[in-house]
Amino acid sequence: MLWVKSLHIVFVVSWFAGLFYLPRIFVNLAMVSAGSVAERARLLLMARKLLRFTTMLAVPAVALGLWLWLGYGIGQGPGNGWLHAKLAVVVLVIAYHVACVVLLRGFTAGHAAHGHRWFRWFNELPVLLLLAAVVLVVVKPF
C-alpha cells in the first residue's frame, strides 16, 4: 500500500504543477497583442503540450487514488467525513482541469473569454484546492 500511496502523491504533485503553470500561459496569451502572431503561436504550442502532459499525469493520479480508496478501504467506515470532502475537492480539481481544456480551445479558436486579470485570479484556484486536499488528508478534521 505504501508504494501505491507514494506513486499517488508523486502523480498528484506533478498534475498540480501543470495546473499551476498552464493558467499562467493563459495570462500571457491574454496579454499578447494582435500583431504578435509568432508569440501567440509559441504560447499556444506550449499550452497544448503542457495540457497534454498534465492530462497524462492526472489519469494515474486519479486511478491510484481510486485504488487506495476502493482497494485498500482507506476512508471507509465511521469518522471518515474528511474523505468525502476530499473527494469533492478532487471533483473540483477535475472540473478545473476541464475548464482549462475549454479555455485553451477558446484561445486556439482565436478568442480569449477573459482578460489577463481574470486569468491571474483563475491561476490561484489550484493552490486553494491543493491546500484543501492536503489539510483534509493530513488533519482529517471530521
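No hydrogens, no waters, no symmetry mates; every other heavy atom, side chains included, goes into these values. Residue indices begin at 1 and follow the sequence shown.
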Verify same cluster id: [X], [Y] (apolar side-chain graph, 4.5 Å):
X: Val13; Y: Trp67; value: no
X: Val10; Y: Val90; value: no
X: Leu70; Y: Val91; value: no

[X] versus [Y], closest heavy-atom pair with distance:
X: Pro141; Y: Trp82; answer: CD-CB, 4.3 Å
X: Arg40; Y: Leu29; answer: O-CD2, 3.8 Å
X: Gly81; Y: Phe142; answer: O-CE1, 3.3 Å
X: Trp15; Y: Ala61; answer: CE3-CB, 3.9 Å
X: Met1; Y: Leu68; answer: CG-CD2, 4.0 Å
X: Ala30; Y: Gly115; answer: CB-C, 4.0 Å

- request: Quick one: which residue pairs count as a side chain to side chain donor-acceptor pair (under 3.5 Å) with a foot in residues 129-142, not counting sequence neighbours?
  value: none
Residue pairs fulfilling side chain to side chain donor-acceptor pair (under 3.5 Å) with at least one residue in residues 24-36, sequence neighbours excluded: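 Listed once each, the pairs are Ser33-Ser36.
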Measuring from [X]:[atom1] to [Y]:[atom2], what's the distance to the nearest 0.5 Å?
X: Phe26; Y: Leu22; atom1: CZ; atom2: CG; result: 4.0 Å
X: Ser14; Y: Leu19; atom1: OG; atom2: CG; result: 11.0 Å
X: Lys86; Y: Trp69; atom1: NZ; atom2: CH2; result: 10.5 Å
X: Leu66; Y: His8; atom1: CG; atom2: NE2; result: 9.0 Å

query: Who passes ring-ring contact (aromatic ring centres under 6.0 Å, His included) against Phe122, sequence neighbours left out?
result: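 Phe122: ring-ring contact (aromatic ring centres under 6.0 Å, His included) contacts with Tyr96, Trp118.
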Other members of the hydrophobic cluster containing [X], with the 4.5 Å side-chain heavy-atom rule, please.
X: Trp121; value: none
X: Val59; value: none
X: Val135; value: Leu131, Val139

message: Within the 4.5 Å heavy-atom criterion, are Leu83 and Leu87 side-chain neighbours or not?
response: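 Yes, their side chains come closer than 4.5 Å.
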task: Evaluate the side-chain proximity of Phe20 to Leu130: yes if any heavy-atom separation is below 4.5 Å, no if none is.
output: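 The answer is yes; the side chains approach within 4.5 Å.
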task: For His114, check side chain to side chain donor-acceptor pair (under 3.5 Å) against everything at least two apart and list the hits.
output: none
task: Assess whether side-chain contact (heavy atoms from CB on, under 4.5 Å) is satisfied between Asn123 and Tyr21, documenting all intermediate values.
output: CA-CA 8 Å; Asn123 190 37; Tyr21 193 67; over 6 Å; no
field: Qualifying residues under side chain to side chain contact (heavy atoms under 4.5 Å, CB included), relative to Val89, sequence neighbours excluded
entry: Val93, Leu129, Ala132, Ala133, Leu136
Enumerate donor-acceptor pairs with a distance under 3.5 Å from any side-chain N or O in residues 42-58 to protein atoms, sequence neighbours excluded.
residue: Thr54; atom: OG1; partner: Leu50; partner atom: O; Å: 2.7
residue: Thr55; atom: OG1; partner: Leu51; partner atom: O; Å: 2.8
residue: Thr55; atom: OG1; partner: His97; partner atom: NE2; Å: 2.8

Check: residues 105-112 side-chain donor-acceptor pairs under 3.5 Å, at least two apart:
residue: Thr108; atom: OG1; partner: Leu104; partner atom: O; Å: 2.9

